[in-house]
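Report on the following structure.
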Amino acid sequence: MKYEAVIGLEVHVELSTKTKAFCGCTTEYGGKPNSHVCPVCLGLPGALPRINLEVVNKALKTGLALNCSINRFNRFDRKNYFYPDAPKNYQITQNDYPICYDGFIEIDGADGTRKKVGIERIHMEEDAGKQLHSSKGTLVDFNRSGVPLIEIVSKPDLRTPEEASQYLTKLRSILLSLGVSDVKMEEGSLRCDANISLREVGATAFGVKAEVKNMNSFKSLEKALRYEFLRQEEALEKGEKLSVETRRWDEAQEKTILMRSKEMANDYRYFPEGDLVSLSISEEWIEGIRSTIQELPHEKEERFVRDYGIPPYDAMVLTLTEDMANYFDETVKICGDGKAASNWLMGDISRLMNEAGTWVKELKFSPAQLAGLLALIEKGTISTAIAKTVLTHMFAEGKDPQVIVEEHGLVQNNDEDFIREAVNQVLDSAPHVVEDYRNGKTKIMGFVVGQTMKATKGKANPGIINKLVQEELERRK
Ligand SMILES: [Zn+2]
């Protein structure tokens, strides 16, 4: 590869507060157009904004979880632009003093090593209204106007579309776990723009960047960046001069389309928002927020591998949702066997949930009951095969595994005499098996084990069956 990509992401996150950033209107999604509005978010003359503290708290929480420093002095600025979706003709945002700066997210880099992707800044701002186009003309719905956002700006530390997607995935899972946003890319509560430029491998200077907008899924982010890489590479190879431009990802055509070049760029003429007081964020305030941050998904994932000895892949799957991660965690805390708990949760239990279309939250048995099932296997009371039957009952009825075992008479039979007799019955009824075994076809043992298991209705200890099948076959050889 002659070129490498230099990618940075700007992510807009809609905060899940009850009310808007600077007024008391609801942030509820949808609603009749212009029904969630008041003089403040309609930008009527004389209306004065007031900061919603919940916005500051959620921005702080995000910054702390992303290893950021906090700007103790916080001020809002006006970003001036004239457009129908902005009733005040400016947006309240933070330009000079973003609330958080200089953080990072760790990802697995393209070269296989752990890598820190820097976070340049996080600032608070308000959303704009929404234009509704029809054949009769364009109408504006201001329900979204004034809904609180944070913008999380990464440093240009990403090198491949896959790294960008991984960064965004991790960011999304952290935001979800913090409860600061519902982060639905399809509904626009998580929006991502990307800056991408190319440079020759080994070069340190940045190339000419393009900003790509309108990617509304992880897939389209990767596709758009791949497309941009090829487009810029082709231009550079042809000796063309690239210019700074903003491009839009067209999902249907699977290409980026020029929106505007730098010459047409806006000058926003930022200046301090005089209608809002500046904020001074104290140490106590920060520590108060810090104390509400629980263990994050990636921290859980690392702990599961480190303390419970499960493979990184299992830890990744188990921490995809908080419910599953907590269920696993509680089970292992009781039974002490990470690998067994992980196998059952990722295997049979996930299969049963998929078939029934239910979630971990809806499981009728508790982590303690699952740990009880694992203990019955461990003690040899039931075989793994029987445990699957017991689990099916637990899944349907939510009873204790011990109770199910007793009710259905499922206790494992460890009686060697009984099992030996069953093995011999199988061998007597299938003389060709012994013949095959004599001729070196040892695979036939599996058949005998299966038949014996069947004859004992799955209750015989499989370890003992294996041992006795071998003994009896050797004896008859
Ligand atoms: Zn309002």
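Each residue takes its place number in the sequence, starting with 1. Below, all heavy atoms of this structure are taken into account, side chains as well, without hydrogens, waters or symmetry copies. These figures come from a predicted structure and were not determined experimentally.
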Pairing of [X] and [Y] as salt bridge, 4.0 angstrom limit:
| X | Y | result |
| --- | --- | --- |
| E355 | R351 | yes |
| D141 | K130 | no |
| K116 | E106 | no |
| E302 | R114 | yes |
| K467 | E416 | yes |
| K300 | D329 | no |

Q. In terms of side-chain heavy atoms, does T389 have a donor or acceptor partner in T392 at a distance below 3.5 Å?
A.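 Side-chain D/A pair, T389 to T392: absent.
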Kindly give the heavy-atom pair with the smallest separation between [X] and [Y], and that separation in Å.
| X | Y | answer |
| --- | --- | --- |
| N424 | R476 | OD1-NH2, 2.9 Å |
| I286 | L64 | O-CD1, 3.7 Å |
| N216 | E251 | OD1-OE1, 4.1 Å |

Q: Take E472 and R420 through the test salt bridge (charged side-chain N to carboxylate O under 4.0 Å, His left out) and record every step on the way to the result.
A: CA-CA 8 Å; E472 287 304 304; R420 193 183 298 275; 2.8 Å; yes
Got a sec: does the [atom1] of [X] have more than 12 other heavy atoms crowding it under 6.0 Å?
| X | atom1 | result |
| --- | --- | --- |
| K223 | NZ | yes |
| E407 | CD | yes |
| K361 | NZ | no |

(Q) Does T93 form a side-chain hydrogen bond (donor to acceptor under 3.5 Å, both in side chains) with E125? I'd like the steps, not just the answer. (A) CA-CA 4 Å; T93 180; E125 60 187 27; 2.8 Å; yes
Out of curiosity, [X] [atom1] to [Y] [atom2], how far, rounded to the nearest 0.5 Å?
| X | Y | atom1 | atom2 | answer |
| --- | --- | --- | --- | --- |
| I419 | I465 | CD1 | CD1 | 6.0 Å |
| Y437 | I444 | OH | CD1 | 11.5 Å |
| C192 | I152 | SG | CD1 | 10.5 Å |
| I289 | N57 | CD1 | CG | 3.5 Å |
| W249 | L221 | CH2 | CG | 10.0 Å |
| L352 | L363 | CG | CG | 9.0 Å |

Q.
Does D157 form a salt bridge (charged side-chain N to carboxylate O under 4.0 Å, His left out) with K115? I'd like the steps, not just the answer.
A. CA-CA 9 Å; D157 290 344; K115 130 172 206 182; over 6 Å; no
Distance-only, no hydrogens or angles: does the [X] side chain make a donor-acceptor pair with backbone N or O of [Y] under 3.5 Å?
| X | Y | result |
| --- | --- | --- |
| R191 | G188 | yes |
| E120 | V153 | no |
| S35 | G31 | no |
| T246 | M259 | no |

Q.
Working note: K20 + E126, criterion salt bridge (charged side-chain N to carboxylate O under 4.0 Å, His left out); need CA distance, chi angles, decisive distance, verdict.
A. CA-CA 8 Å; K20 292 186 181 179; E126 59 176 339; over 6 Å; no
Q | Qualifying residue, where the test is salt bridge (Lys or Arg N to Asp or Glu O under 4.0 Å) with E228 and the options are R247, K255, K209, R248 | A |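 Single pass found, and it is R247.
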Q) Passes side chain to side chain contact (heavy atoms under 4.5 Å, CB included), L175 versus L190? Steps please. A) CA-CA 10 Å; L175 294 166; L190 181 78; 4.3 Å; yes
Q.
Under 6.0 Å between ring centres: does that hold for F328 and Y308?
A.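 Yes.
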(Q) Test salt bridge (charged side-chain N to carboxylate O under 4.0 Å, His left out) on R226 and E222; report intermediate values, then the result. (A) CA-CA 6 Å; R226 250 180 241 128; E222 277 191 48; 2.7 Å; yes
Q: Kindly determine whether K459 and I386 satisfy side chain to side chain contact (heavy atoms under 4.5 Å, CB included), including the steps that lead there.
A: CA-CA 7 Å; K459 288 183 203 164; I386 296 277; 4.0 Å; yes
